[in-house]
Amino acid sequence: MNQFEIREVPGKGRAMIASKNFAVDEIIFEEEPFVSHQFSWNAAYGYAACDHCMRPLETLVENVRRLANNNAVVVPLVEHDPTAAWLPQFTQCARCKVRYCSEDCLVEAQKRYHRVSCMGAFRADDTHPINVLNETWKKMHYPPETGTIMLIVRLMAMYQQSNNKPEFLEQLQSFQALIVNREQKIYHKMLGENFEVQMEKLFAAFCNAFKSEEFAMFTTPDAFKTLMGILGTNSQGIATSVLAQWVTKVSDLPLPDSDKEQLDTVIDDIYAKVGDFAGEFLNNEGSGLYILQSKINHSCVPNAQSTFPYSNDIVVLKAVAPIQQGEEICISYLDECQLERSRHSRHKILRGNYIFVCQCPKCKAQSCDPDVTSDEDEDDEDMDDCDDDDMQ
């Protein structure tokens with residue numbers, strides 16, 4: 001039984017409300033995604049991940065050497081490689097050769113969508129309509145990525161393979177946020193300045209990929225915009241990394257202080273090497289739609305945090321502050337560094353990426369602060385109409 005409920009809060013919309021007290025670090029819930037998919041460019045650049053759950057498919061040494069573009073990099077303590085236990089379970093689809101971390105993931109994928117989405121030998125055919133659609137998307141949405149059209153492709157496969165289409169559609173509609181008067185901003189965020197032309201090209205490629213009458217309800221301009229709106233407002237970023245997992249494991253080893261210092265130096269050196277070549281792109285990255293997690297609102301003083309401790313696409317929501325029964329459960333849509341910036345900067349990021357103006361206690365308390373600080377860009381014309389945007 002869930003220890004929270006989803007309620008409509010006046011002036012705010014849906015919200016997750018605690019139905020019991022939660023202590024710091026207490027797990028509020030764990031959730032598998034309704035659908036998830038690796039980002040298109042992330043996959044194209046060779047970031048190897050399970051096609052179903054996004055678990056890393058590289059050993060620690062393979063991962064570090066690829067990220068550093070250097071086969072001479074030496075990694076110590078490889079006996080703590082998180083991938084080692086999974087290696088014997090790695091498998092692939094016999095037809096299309098898509099890789100999975102285990103037979104369980106292969107079976108689950110076959111059960112939910114892969115039976116119809118498997119492209120067989122056409123997976124390597126650049127002229128296949130699905131590949132054309134993906135390439136069309138990639139030309140519009142360069143790294144750093146915030147979404148992928150392949151998430152919608154997988155949704156179409158799930159719909160086609162579903163034995164209970166009304167239930168599938170009901171679940172899909174649960175993600176449909178109110179995007180009236182926000183549509184253009186959402187599409188601008190995903191597709192850039194020429195989003196209207198880009199949307200037409202993407203829609204044409206989508207319709208060409210899903211010509212069957214079975215998909216007719218999705219291949220109208222309004223239906224496609226709704227799918228894109230769901231992708232733009234409800235998808236949760238997912239990141240998995242064998243290197244990060246290994247660092248966590250070895251950092252917790254009971255080593256003498258001198259050995260710990262030496263290990264810290266080695267870890268810093270590894271991150272420096274991979275950073276020189278891969279920059280900030282160290283993880284397998286993708287996004288997913290989560291039925292429960294998508295109901296959680298943002299706060300600049302969050303009392304909960306979404307984590308991915310299993311190095312796959314299962315999200316675990318943990319309390320980061322004491323939560324009282326009847327209190328709203330909130331997460332931050334911003335990272336730790338962004339949370340420390342001024343109210344003005346936080347609002348600019350939130351409006352640009354999530355299309356709302358935050359009205360959390362921290363933002364209200366800072367409402368009289370200057371609009372621009374010394375370390376911020378002063379090009380803020382789009383802040384002038386903030387009173388017209390949705391509040392959260």
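A donor-acceptor contact closer than 3.5 angstrom links the side chains of Gln293 and Gln236. In this model, no donor atom of one side chain and acceptor atom of the other lie less than 3.5 Å apart for Asn42 and Glu145. At a cut-off of 3.5 Å, with distance as the only test, a side-chain donor of His141 or Thr146 sits close to an acceptor on the other residue. Judged purely by distance below 3.5 Å, without hydrogens or angles, the side chains of Asn164 and Ser162 never pair a donor atom with an acceptor atom. Looking at Thr59 and Asp81, their side chains never bring a donor and an acceptor atom within 3.5 Å of each other.
Under the 4.5 Å side-chain heavy-atom criterion for Ile, Leu, Val, Met, Phe, Trp and Tyr, Val116 and Ile130 are members of distinct hydrophobic clusters. Hydrophobic clustering (side-chain heavy atoms under 4.5 Å, transitive across Ile, Leu, Val, Met, Phe, Trp, Tyr) keeps Met16 apart from Val316. In this structure, Leu202 is not a member of the same hydrophobic cluster as Phe39, with clusters built from ILVMFWY side-chain heavy atoms closer than 4.5 Å. Grouping the Ile, Leu, Val, Met, Phe, Trp and Tyr side chains by contacts below 4.5 angstrom, directly or via other members, places Ile331 with Ile349. Taking hydrophobic clusters as Ile, Leu, Val, Met, Phe, Trp and Tyr residues chained together by side-chain heavy-atom distances below 4.5 Å, Phe168 shares a cluster with Phe210.
Cation-pi geometry between Lys20 and Phe4 is not met at under 6.0 angstrom from the ring centre and within 45 degrees of the axis. A cation-pi contact, defined as under 6.0 Å to the ring centre and within 45° of the axis, links Arg66 to Tyr47.
At least one side-chain heavy atom of Met119 sits under 4.5 Å from a side-chain heavy atom of Asn131. A 4.5 Å side-chain heavy-atom check between Ser311 and Pro82 finds every atom pair outside the cut-off. The shortest side-chain heavy-atom distance between Ile270 and Val247 does not fall under the 4.5 Å cut-off. Looking at Tyr290 and Ile238, their side chains come closer than 4.5 Å, going by heavy atoms from C-beta outward. A heavy-atom distance below 4.5 Å is not found between the side chains of Thr148 and Val153. Side-chain contact check for Met217 versus Leu169: some heavy-atom pair is nearer than 4.5 Å. In this structure, Pro322 and Val24 have side chains that are in contact, with non-hydrogen atoms separated by less than 4.5 Å. Counting only heavy atoms from C-beta outward, the side chains of Leu243 and Tyr271 approach each other to under 4.5 Å.
The shortest non-hydrogen separation linking Leu339 to Ser332 is CD2-OG, 3.4 Å. Lys318 and Ile28 get closest at one heavy-atom pair: C-CD1, 4.2 Å. In terms of heavy atoms, Ser306 sits closest to Leu317 at OG-CD1, 3.7 Å. Nearest heavy atom pair, residue Leu77 against residue Trp246, reads O-NE1, 3.2 Å. In terms of heavy atoms, Ala48 sits closest to Arg99 at CB-NH1, 4.1 Å. Closest approach of Gln161 to His114, counting heavy atoms only: OE1-N, 3.7 Å.
A donor-acceptor pair is defined here as one N or O able to donate and one able to accept, closer than 3.5 Å; such a pair exists between the side chain of Asn303 and the backbone of Glu328. Remark: side-chain polar atoms of Gln338 are paired, donor with acceptor, to backbone N or O of Asp335 under 3.5 angstrom. In this structure a side-chain-to-backbone donor-acceptor pair under 3.5 Å is missing from Thr240 to Asn312. Between the side chain of Thr248 and the main chain of Ala244, a donor-acceptor pair closer than 3.5 Å is present. Although no hydrogens or angles enter the test, the distance criterion places no donor-acceptor pair under 3.5 Å between the side chain of Asn69 and the main chain of Phe277. Distance alone, capped at 3.5 Å, is enough to place a donor-acceptor pair between the Glu31 side chain and the Leu292 backbone. With hydrogens and angles ignored, the 3.5 Å screen pairs no side-chain donor or acceptor of Lys139 with any backbone N or O of Glu135. Between the side chain of Trp86 and the main chain of Ser102, no donor-acceptor pair closer than 3.5 Å is present. Looking at Thr91, its side chain never comes within 3.5 Å of a backbone N or O of Glu103 through a donor-acceptor pair. Lys362 contributes no side-chain N or O that, together with a main-chain N or O of Arg343, makes up a donor-acceptor pair within less than 3.5 Å.
A 6.0 Å sphere centred on CD of Glu79 holds more than 12 heavy atoms belonging to other residues, nucleotides or ligands. Within a 6.0 Å radius of NZ in Lys211, no more than 12 heavy atoms belonging to other residues, nucleotides or ligands are found. Atom CD of Glu5 is surrounded by more than 12 heavy atoms from other residues, nucleotides or ligands within 6.0 Å. With a 6.0 Å radius and a threshold of 12 heavy atoms from other residues, nucleotides or ligands, Lys249 has its NZ atom above the threshold.
The SG atom of Cys358 lies 13.0 Å from the CZ atom of Arg351; values are rounded to the nearest 0.5 Å. Note that OG of Ser251 is 6.5 Å distant from NZ of Lys260, once rounded to the nearest 0.5 Å. In this structure, CG in Leu57 is found 11.0 Å from OH in Tyr100, a value given to the nearest 0.5 Å. Glu108 CD to Tyr113 OH: the interatomic distance, rounded to the nearest 0.5 Å, is 8.0 Å. To the nearest 0.5 angstrom, His37 atom NE2 is 10.5 Å from Leu155 atom CG. Atom CG of residue Asp257 and atom CD of residue Gln262 lie 13.0 Å apart, to the nearest 0.5 angstrom.
Taking the six-membered ring where tryptophan is involved, the planes of Phe122 and His128 are tilted, since the angle between them lies from 30° to 60°. Taking the six-membered ring for Trp and thresholds of 30 and 60 degrees, His298 and Tyr333 have ring planes inclined between 30 and 60 degrees apart.
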- Message: Checking Asn208 against Val132 for the side-chain contact (heavy atoms from CB on, under 4.5 Å) test, could you report, in this order, the C-alpha distance in whole Å, the side-chain angles of both residues, the deciding distance, and whether it holds?
- Response: CA-CA 9 Å; Asn208 189 50; Val132 171; 5.7 Å; no
- Message: Please evaluate residues Val242 and Asn284 with respect to the criterion side-chain contact (heavy atoms from CB on, under 4.5 Å), reporting the C-alpha separation (whole Å), side-chain torsions for both, the decisive distance (0.1 Å), and the verdict.
- Response: CA-CA 9 Å; Val242 63; Asn284 301 323; over 6 Å; no
- Check the pair Trp137, Met150 against side-chain contact (heavy atoms from CB on, under 4.5 Å), reporting the backbone distance first and the verdict last. CA-CA 9 Å; Trp137 167 265; Met150 296 306 291; over 6 Å; no
- Item | side-chain contact (heavy atoms from CB on, under 4.5 Å) evaluation trace for Val250 with Ile267 | CA-CA 10 Å; Val250 298; Ile267 291 172; 4.2 Å; yes
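Aromatic ring centres of Phe224 and Phe206: separated by under 6.0 Å. Centroid-to-centroid, the aromatic rings of Tyr45 and Phe281 stay 6.0 Å apart or farther.
Using a 4.0 Å cut-off between charged side-chain N and carboxylate O, Lys273 and Asp269 make a salt bridge.
For the pairing with Tyr310, the side chain to side chain donor-acceptor pair (under 3.5 Å) check across Arg55, Gln245, Glu30 returns one residue only, Glu30.
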